[in-house]
Amino acid sequence: MGIMKKSYITTAIPYVNGVPHLGHAMDYLLADTMRRYLVRGGEEVRLQAGTDEHGSKVFQKAEASGVPVEKFVDENAKKFQDFIHALGVEYTDFVRTTDPEHERRCQEIWVKLGKYIYKDAYEGWYCEGCEGFVTEKEYEENNGVCPDHQKPYVRLSEENYYLRIADFKERMRSAIENDEMKITPAGRKKEFLNLLVDMPDVSISRPKKQLSWGVPVPGDDTQVMYVWIDALANYITVLGYPDKDISEWWPAEVQVIGKDILRFHAGIWPAILMGLNLPLPKNLLTHGYITVNGEKMSKSVGNVVDPRVVLDKYGVDAFRYYFLRHVSTMEDADYSDEKYESAYNELANDLGNLVQRLATLCVKGEMTGQTMIERQRDDKFDELMGKYEFNVAFDYVWAKVQGLNKKIDTEKPWELVKTDPEKLVMVLDSLVSEILGVADLLEVFIPETAKKIVEIFSAEKIVPPETSLFPRTR
RNA sequence: CGCGGGGUAGAGCAGUCUGGUAGCUCGUUUGGCUCAUAACCAAAAGGUCGUUGGUUCAAAUCCAACCCCCGCAACCA
């Protein structure tokens, strides 16, 4: 056996301003599915997760709730960690941007990027009440007066540090075009390449008086890092950069992101990496949004679905089943309670019932369990997983589940019990071996259930589970 | 003339890049089965593929024009 191949997978780090969201769940599920798939193929995989904890919004929110900001972010980081665990997602590394090690490493990265950073003035409309700038569009919509403070905006200019994106544009474009850094799906790649043409240099700091809760800019007491370097660098600081040689793990095999943050991960992040002379990630896997009953989730409409509530409804594997099979890996997709329930019924009817009936038949045939001796290669499955079409791959596995139900009907083992005990054993033997093969594939998507199936059909004596895998709810 | 996504069976979708008998899941109807969770299996019904025109032996697919729906300020992934 040679040395195990090593792969690194990352998830976007959520801003701890809010609570876990269905979008975060997609990040974690996709990354975890890929991780399980690679591990199944014999690779050693590190999966990063983390939280983005700086910024004035977090600071203000902590103040408003009367909690010290350190405690506030501790509590919120914990919420996300609990959530990730509840999803059955197993990360190997967790990074918090307020971790002193991360902060120190960010400062070192800033220094290394020195020659691509310059200072310039930002000029815009500013509200003295909000202590913040507004966009030109907001200015026009509010007719030049801040609606919160009834004060007219003033034209103000402030000093910011900028990262010179222009220096890297050409290399970024070619890396994306020739899939050196592959953006999936292809449509988003095109979309971003268009966007890249006009991409301006990016402001990477704020005056300290405006943004106190953040990483100080090295060598300038008056400035604090704005989100970009602080947040994006997490992917490598968690590996130990720049203290450690990270070439074992970096470049990442895949970085999972939502479609809204593609521009930062395809535009700013590669600039940082190039500035540090580090290779670009091999893949950016971009997923869509989840809508609810066909509508965009929004706090003001009040239709935000709390994933933790959904999770509690039928358990973690039902959740994973829905969001990995019935939600397109890359495109937007819809959630509704009705659809969720109907998906649960599929689990119960197709898979739960299959396990139940096959185990019962095995009792009649007095079957002993099998251990899987050799994993079968499955080219079709590998092809789909390789394209990150997880939902299609899941469909493909599900067809195997349905195929087993068909096979039982065709072979009629319950008749063989009376007529042909020898053939019965043969038939059941092959069914057991096939269901173990299916369970092996299912482990990638619904690990808890897969494990139960393996336990049942590899036991010394096969018996149906005491409680069915997915009990009916109505 | 802003940008993007979409319009295929009652519902949700695939197929469009690379033209060749229109497919999947759910639902509906009928039948089968009784090992199983009112499950499972089989068969059937159901579509002028948004509209119009063009290219072609052949168009859901390629080309052109048009119509309709949904996103694109902020909270928010």
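Note that the structure is predicted; figures quoted are calculated from it, not measured. In what follows, chains carry the letters A, B, and so on, assigned in the order in which the sequence lines appear, proteins first and then strands, with residues in each chain numbered from 1. The basis for the numbers below is simple: all heavy atoms, side chains too, and nothing from hydrogens, waters or symmetry mates.
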Would you kindly give the [atom1]-to-[atom2] distance between [X] and [N], to the nearest whole Å?
| X | N | atom1 | atom2 | answer |
| --- | --- | --- | --- | --- |
| A:Lys406 | B:C41 | NZ | P | 6 Å |
| A:Arg188 | B:G71 | CZ | P | 16 Å |
| A:Leu431 | B:C40 | CG | C1' | 14 Å |
| A:Lys400 | B:C40 | NZ | P | 20 Å |
| A:Asn391 | B:U25 | CG | C1' | 13 Å |
| A:Glu338 | B:C26 | CD | P | 18 Å |

Give one of base, sugar-phosphate or nothing for [X], where a contact means two heavy atoms less than 4.0 Å apart.
| X | result |
| --- | --- |
| A:Lys407 | nothing |
| A:Tyr15 | nothing |
| A:Lys364 | sugar-phosphate |
| A:Gly18 | nothing |
| A:Ile290 | base |
| A:Gly23 | base |
| A:Asn349 | sugar-phosphate |
| A:Asp350 | sugar-phosphate |
| A:Ser342 | nothing |

Salt bridge (Lys or Arg N to Asp or Glu O under 4.0 Å) assessment of A:Asp99 paired with A:Arg96: CA-CA 5 Å; A:Asp99 178 350; A:Arg96 296 179 53 187; over 6 Å; no
Pairwise [atom1] distance, [M] and [N] [rounded to whole Å]:
| N | M | atom1 | answer |
| --- | --- | --- | --- |
| B:U8 | B:C49 | C1' | 4 Å |
| B:U51 | B:C68 | C1' | 10 Å |
| B:A64 | B:C69 | C1' | 22 Å |
| B:A22 | B:A60 | P | 8 Å |
| B:A14 | B:U28 | P | 24 Å |
| B:A59 | B:G20 | C1' | 10 Å |
| B:G23 | B:G46 | P | 14 Å |
| B:A45 | B:C35 | C1' | 31 Å |

Test log, rule salt bridge (Lys or Arg N to Asp or Glu O under 4.0 Å), inputs A:Lys78 and A:Asp74: CA-CA 6 Å; A:Lys78 176 86 174 24; A:Asp74 278 355; over 6 Å; no
Quick one: do [X] and [Y] make a salt bridge, cutoff under 4.0 Å?
| X | Y | result |
| --- | --- | --- |
| A:Arg36 | A:Glu90 | yes |
| A:Glu434 | A:Lys407 | yes |
| A:Asp32 | A:Arg320 | yes |
| A:Lys387 | A:Asp382 | no |

Report yes if at least one side-chain N or O of [X] is closer than 4.0 Å to OP1 or OP2 of [N]; otherwise report no.
| X | N | result |
| --- | --- | --- |
| A:Lys412 | B:U34 | no |
| A:Asn17 | B:C76 | yes |
| A:Lys339 | B:G12 | no |

Pi-cation contact, A:Tyr289 with A:Lys259 (under 6.0 Å, within 45°): yes
At less than 3.5 Å, do the side-chain atoms of A:His24 and the base atoms of B:A77 form a donor-acceptor pair? no
What's the closest nucleotide to the [X] side chain, out of [options]?
| X | options | value |
| --- | --- | --- |
| A:Asp409 | B:U25, B:C75, B:C40 | B:C40 |
| A:Ile408 | B:U37, B:A42, B:C35 | B:C35 |
| A:Gln402 | B:C35, B:C26, B:U37 | B:C26 |
| A:His21 | B:C75, B:A77, B:U37 | B:A77 |
| A:Tyr289 | B:A42, B:U37, B:A77 | B:A77 |
| A:Arg357 | B:U37, B:A77, B:C35 | B:C35 |

Before we go on, tell me: are the rings of A:Phe80 and A:His24 under 6.0 Å apart, centre to centre? yes
Could you tell me which nucleotide pairs with B:A74 by Watson-Crick or G-U wobble geometry, both distances under 3.5 Å, or answer none if nothing does? none
